[in-house]
Amino acid sequence: MIKGCNKLPTLSNLLKKLDQEFKEKLWTIIRDNGRGSSLLRLLKLVSDDNVEFPTPLLMQFMRFYSVDHKSNPTYYSFNVRGGQRMNVTLQDVLYLTSLPIIGRAVVPNDSRDNNAFHRVFSVHEDRKLITLDELQSLCTDLSRNEEERIKAVLLMIVTCLITPDGNGHNCNTSYVKFIENLDEVDSFAWGAALLAYLYRGMKKHILKQKNLDGFLWLILGFFFYHFKELFDIFDIDGDQVMTPAVGVPMIFPLIEKLSPIGKNHHSKIDNALDVKIDRVRVLLENVEVEGITWDPYT
């Protein structure tokens with residue numbers, strides 16, 4: 001069984017606890033493309049209801065993820081029928097999340113700064129990790145100035161959506177370096193960072209059977225947009241999903257539609273879901289080249 005990570009409920013809980021005046025400030029920044037809007041826009045992914053991740057569906061997709069022994073023994077990708085190898089790309093990240101894919105590197109090896117958190121928030125000195133509850137308290141602290149609270153929200157987004165993991169509800173304090181200066185937040189290639197972290201998590205999962213880290217919804221979005229028959233299998237109106245409201249990342253409507261699958265899988269018996277999941281297997285094992293949408297975003 002795959003144990004992944006879904007921290008959208010954590011962000012949903014945060015939004016419920018923020019005061020209305022501050023939330024309006026965040027929406028204004030997003031609307032006006034203000035400082036930090038490239039990350040803040042991901043708050044549009046957050047639903048009022050807790051989102052359950054459809055783990056059984058992800059498990060089916062991950063059955064096709066393997067190393068390319070024939071051409072490149074270091075390259076991992078999805079191997080569907082006929083040896084067609086495909087992978088989530090920066091194009092998928094750009095269109096599905098609206099994150100920038102060009103810009104400054106987010107996590108170069110020499111960039112860790114363990115003192116940055118204390119420098120910005122004046123708390124938690126010399127700690128490499130803090131809990132998300134502690135970080136949330138900074139977001140909701142009315143005694144702090146608006147800029148500090150915005151930075152705390154940005155760090156929550158980085159932790160929950162850019163670099164999420166399944167090893168606990170903690171935040172790596174060194175990441176605050178990348179949101180410390182609000183004027184520079186939008187200069188980073190957050191989309192590239194998200195994809196790199198997901199690649200790393202997928203490879204570690206295959207090699208070491210570790211928790212599957214990363215923004216796992218991206219994998220689901222990749223498959224549904226490249227294999228349109230999946231919409232029919234799960235009785236989803238594909239045209240509606242692929243035309244979200246203005247300013248909403250393309251993956252959000254799909255998250256809303258697939259969340260009930262996550263809720264249903266908690267039931268020990270769900271024959272209808274099992275049948276649909278098996279239809280996914282049959283599709284990917286037998287799909288013809290013509291059945292793959294190679295350029296779904298045009």
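These numbers come from a predicted model, not from an experiment. Note: hydrogens, waters and symmetry copies are ignored here, and every other heavy atom, side chains too, is used.
In this structure, Lys151 places its NZ atom where more than 12 heavy-atom neighbours from other residues, nucleotides or ligands lie under 6.0 Å away. Environment of CD in Glu229: sparse, with no more than 12 heavy atoms of neighbouring residues, nucleotides or ligands closer than 6.0 Å. Counted within 6.0 Å of CZ on Arg200, heavy atoms from surrounding residues, nucleotides or ligands total 12 or fewer; the atom is thus considered open. Around the CD1 atom of Ile102, the shell of radius 6.0 Å holds no more than 12 heavy atoms that belong to other residues, nucleotides or ligands. The number of heavy atoms from other shown groups lying within 6.0 Å of NZ (Lys16) is above 12.
In this structure, the ring of Phe61 has its center no less than 6.0 angstrom from the ring center of Tyr65. Between Phe78 and Phe223, the ring center distance clears the sub-6.0 Å criterion.
The shortest non-hydrogen separation linking Ile206 to Met62 is CD1-CE, 4.4 Å. Between Met242 and Met250 the shortest heavy-atom distance is O-CE, 4.1 Å.
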For Ser77 and Asn87, run side chain to side chain donor-acceptor pair (under 3.5 Å): C-alpha distance rounded to whole Å, both residues' side-chain angles, the deciding distance at 0.1 Å, then the answer. CA-CA 5 Å; Ser77 57; Asn87 221 339; 5.1 Å; no
Evaluation steps, side chain to side chain contact (heavy atoms under 4.5 Å, CB included), between Ile251 and Leu220: CA-CA 9 Å; Ile251 201 170; Leu220 304 189; over 6 Å; no
Trace of the side chain to side chain donor-acceptor pair (under 3.5 Å) decision for Ser66 with Arg85: CA-CA 10 Å; Ser66 62; Arg85 284 200 167 268; 3.1 Å; yes
Chi angles and distances behind the side chain to side chain contact (heavy atoms under 4.5 Å, CB included) call for Ile292, Lys228: CA-CA 8 Å; Ile292 302 173; Lys228 300 294 179 62; over 6 Å; no
Residue pair Phe234, Lys257: steps toward the side chain to side chain contact (heavy atoms under 4.5 Å, CB included) verdict: CA-CA 9 Å; Phe234 290 95; Lys257 296 296 184 182; over 6 Å; no
For Asp92 and Thr89, what are the C-alpha separation, side-chain angles and deciding distance, and is it a side chain to side chain donor-acceptor pair (under 3.5 Å)? CA-CA 5 Å; Asp92 298 301; Thr89 68; 3.1 Å; yes
Set out, in order, the CA-CA distance, both residues' side-chain angles and the distance that settles salt bridge (Lys or Arg N to Asp or Glu O under 4.0 Å) for Lys276 and Asp232, then state yes or no. CA-CA 10 Å; Lys276 291 179 179 180; Asp232 297 329; over 6 Å; no
Under the criterion side chain to side chain donor-acceptor pair (under 3.5 Å), I'd like the reasoning laid out for Arg41 against Asn33: C-alpha separation, chi angles, the key distance, then a yes or no. CA-CA 9 Å; Arg41 194 166 286 111; Asn33 294 317; 2.6 Å; yes
CA sep, side-chain torsions, deciding dist, call: Gln136, His169, side chain to side chain contact (heavy atoms under 4.5 Å, CB included): CA-CA 11 Å; Gln136 180 176 268; His169 295 278; over 6 Å; no
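In this structure, Thr163 contributes its side chain and Val158 its backbone to a donor-acceptor pair below 3.5 Å. Using modelled atom types, no side-chain atom of Ser37 and backbone atom of Leu40 make a donor-acceptor pair closer than 3.5 Å. Within the 3.5 Å criterion, the main-chain N or O of Gly34 finds no donor-acceptor partner in the side chain of Asp32. Under the 3.5 Å distance criterion, the side-chain polar atoms of Asp141 are left unmatched by any main-chain donor or acceptor of Ser137. Of the possible polar contacts, none joining the Lys44 side chain to the Pro249 backbone as a donor-acceptor pair under 3.5 Å is found.
For Arg127 and Phe117, the positive end is not near the middle of the six-membered ring at less than 6.0 Å and at most 45° from its axis.
Counting only heavy atoms from C-beta outward, the side chains of Phe22 and Ile150 approach each other to under 4.5 Å. No side-chain heavy atom of Leu39 sits less than 4.5 Å from a side-chain heavy atom of Phe188. Counting heavy atoms from C-beta on, the side chains of Leu58 and Leu212 come closer than 4.5 Å. Residues Leu155 and Cys171 have side chains in contact (heavy-atom distance under 4.5 Å, counting atoms from C-beta outward). For the pair Trp294/Val289, a side-chain contact is recorded, criterion being any heavy-atom separation below 4.5 Å from C-beta on. Between Val46 and Phe252, the closest side-chain pair of non-hydrogen atoms is not below 4.5 Å. Contact of the Trp190 side chain with the Phe178 side chain is registered, since non-hydrogen atoms from C-beta on lie closer than 4.5 Å. Residues Val123 and Ile130 are not in side-chain contact: their nearest non-hydrogen atoms beyond the backbone lie 4.5 Å or more apart.
The distance from atom CG of Asp213 to atom NZ of Lys203, rounded to the nearest 0.5 Å, is 15.0 Å. Rounded to the nearest 0.5 Å, atoms CD (Gln91) and CG (Leu96) are 9.0 Å apart. Atom CZ of Arg63 sits about 12.0 Å away from atom CG of Asn79, to the nearest 0.5 Å. To the nearest 0.5 Å, atom CD of residue Glu52 and atom CD1 of residue Ile255 are 13.5 Å apart. Summarising the geometry, atom CG belonging to Leu15 is positioned 9.0 Å from atom CE belonging to Met156; distances are rounded to the nearest 0.5 Å.
Relative orientation of the Tyr297 and Tyr95 rings is parallel, given thresholds of 30° and 60° on the angle between their planes.
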